[in-house]
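First comes the structure, then the notes that go with it.
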Amino acid sequence: MMIHIANQAGTGKSTLSRMALAGVYGAAATKPDFKGGDELRKQFDTCAFERKPYLFLDNMDEPPVSGVECFCDLGRWSARVLGKSQTEEVTIEAQIFLNGNQLDVGRELARRAAVCELFLATDPLGRKFDREISDEWLIESTTRRKLLAVAWAAVKHWQDDGMKIDPHAKRPSFETYTELVGSIVAAFGMGAPFAAAALVADTEGEATKELLDAAAAQVFESGAKEREFTNPQLIAIAEERHLLEVIVPYATKDVAKSLGIKLKTWRGRILTDKLGRRYEFGKRDGRLGALYWLTINPPE
């Protein structure tokens, strides 16, 4: 899956997606102003049932996270036959292109995609170009030949270089695709599309990780092997670092409960701070409430 996000309209999200598709398919069919729910399911059913090679969701207000995750993961899809009360299991052959302005792409969705984040500081209407990349120009046979030539040159260069696998080109559950595509792009000198830096959109997750790193730093500095933290203690650390409103932005009453919900997905994980120090985060119930513990240098 390819995701283009930007800070405003007119940055080139749709154009980049069309360029990726034009070489093989010519004019790209889009689904603009797309809504989720039942309509999302119908689009996935149609895409899978008709064996479409791509699904282009343009101008999204918010990412349809759960639906897209399932469609990307399954490989096969139980598609409902339109007009009939029956389903047919088919193979998913489509690549998904998803675009939107200021989309909050969470960690789970981002790990399933190559994320391209565009930023334009000026008014897009004030820009001038020697040549506009129009839809008409993209589907010209000359343009399509050039786009395919560039793609083939990238593959040929990677092949001639020994087909090396880039160490950053790997995502859990999508190893084959990311290793192949990521290594070709990296060998062509165009960066690492599946490196960890592509997962920065989860601001709440990053702030939570920073909170746990700060708590772990206190344990490292004390020389202890393990230490327990109460909810108020973690809240105090978060407030000191101005992280609390990022981690639980809408918590106005029971902040401790809201923080506990956020920390639930982090329990049992072995983490590494920016200094390369490893620690494990967990929770146990104490006499006066929940206690969170951090163990330093857990076994491999």
Side-chain angles (χ1 to χ4, degrees), residues 1-7 11-25 28 53-58 60 63 65 68-69 71-75 92-100 103-120 133 138 143-203 205-206 209 270-276 278:
M1 177 167 56
M2 184 74 213
I3 299 177
H4 292 99
I5 57 178
N7 64 317
T11 55
K13 306 178 302 299
S14 301
T15 299
L16 287 173
S17 295
R18 291 191 179 98
M19 288 182 70
L21 295 166
V24 177
Y25 305 108
Y54 66 87
L55 179 60
F56 185 5
L57 307 178
D58 204 11
M60 299 290 291
V65 178
V68 173
E69 287 179 1
F71 197 72
C72 288
D73 290 353
L74 294 178
I92 298 173
E93 300 178 2
Q95 176 70 269
I96 297 178
F97 289 78
L98 190 153
N99 299 337
L103 288 181
D104 185 11
V105 181
R107 191 175 188 86
E108 282 305 304
L109 187 58
R111 81 176 183 87
R112 291 167 166 80
V115 181
C116 177
E117 186 170 1
L118 305 174
F119 181 85
L120 181 65
I133 301 178
L138 277 177
T143 305
R144 294 178 63 188
R145 283 197 297 267
K146 290 179 179 179
L147 290 171
L148 291 173
V150 171
W152 168 241
V155 176
K156 186 66 165 59
H157 174 71
W158 177 66
Q159 184 183 48
D160 293 344
D161 195 39
M163 296 188 291
K164 301 172 184 176
I165 298 299
D166 185 78
H168 300 293
K170 188 173 183 179
R171 292 280 178 82
S173 305
F174 305 94
E175 293 85 356
T176 302
Y177 175 80
T178 54
E179 284 183 357
L180 176 62
V181 176
S183 297
I184 292 173
V185 174
F188 209 50
M190 301 297 289
F194 300 110
L199 303 177
V200 299
D202 185 5
T203 53
E206 290 181 338
K209 175 62 164 54
I270 297 177
L271 306 168
T272 304
D273 66 11
K274 293 181 179 180
L275 299 179
R278 297 172 68 254

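Along the sequence shown, residues carry numbers from 1.
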Please report the closest heavy-atom contact between A192 and H168, naming both atoms and the distance. CB-CB, 4.3 Å

I want to check something: taking the side chain as every heavy atom from C-beta on, are F56 and N99 in contact at a cut-off of under 4.5 Å? yes

Just how far is it from atom CZ of R18 to atom CG of L147, taken to the nearest 0.5 Å? 14.0 Å

Any donor-acceptor N/O pair, K209 side chain to T272 backbone, under 3.5 Å: yes

State, with a plain yes or no, whether a side-chain heavy atom of F97 is found less than 4.5 Å away from one of L16. no

May I ask you to decide if A113's main-chain N or O and R171's side chain share a donor-acceptor pair within less than 3.5 Å? yes

Nearest-0.5 Å distance, CG of residue D161 to CD1 of residue I184: 12.0 Å

Taking atom CZ of R278 and atom CG of D273, what is their separation to the nearest 0.5 Å? 11.5 Å

Over all heavy atoms of both residues, which pair between A6 and T11 is shortest? Give the atoms and the distance, please. CB-OG1, 3.0 Å

Interatomic distance, CG@L98 vs CE@M2, rounded to 0.5 Å, equals 10.5 Å

So which heavy atom on I133 is nearest to which on M19, and how close? CD1-SD, 4.3 Å

Closest heavy-atom contact between P193 and G182? CG-CA, 4.0 Å

Euclidean distance, N7 CG relative to E117 CD, rounded to 0.5 Å: 8.5 Å

Measure from the side-chain N and O atoms of H157 to the backbone N and O of A187, and report whether any donor-acceptor pair falls under 3.5 Å. yes

CD1-CD distance between I165 and E175, expressed to the nearest 0.5 angstrom: 12.0 Å

Backbone of K164 reached by a side-chain donor or acceptor of W158 within 3.5 Å: yes

Under 3.5 Å, is there a donor-acceptor pair between the side chain of S183 and the main chain of D166? yes

Donor-acceptor contact below 3.5 Å, side chain R144 vs main chain V24: yes

Give the minimum heavy-atom separation between E179 and K170, together with the two atoms involved. OE2-CD, 3.9 Å

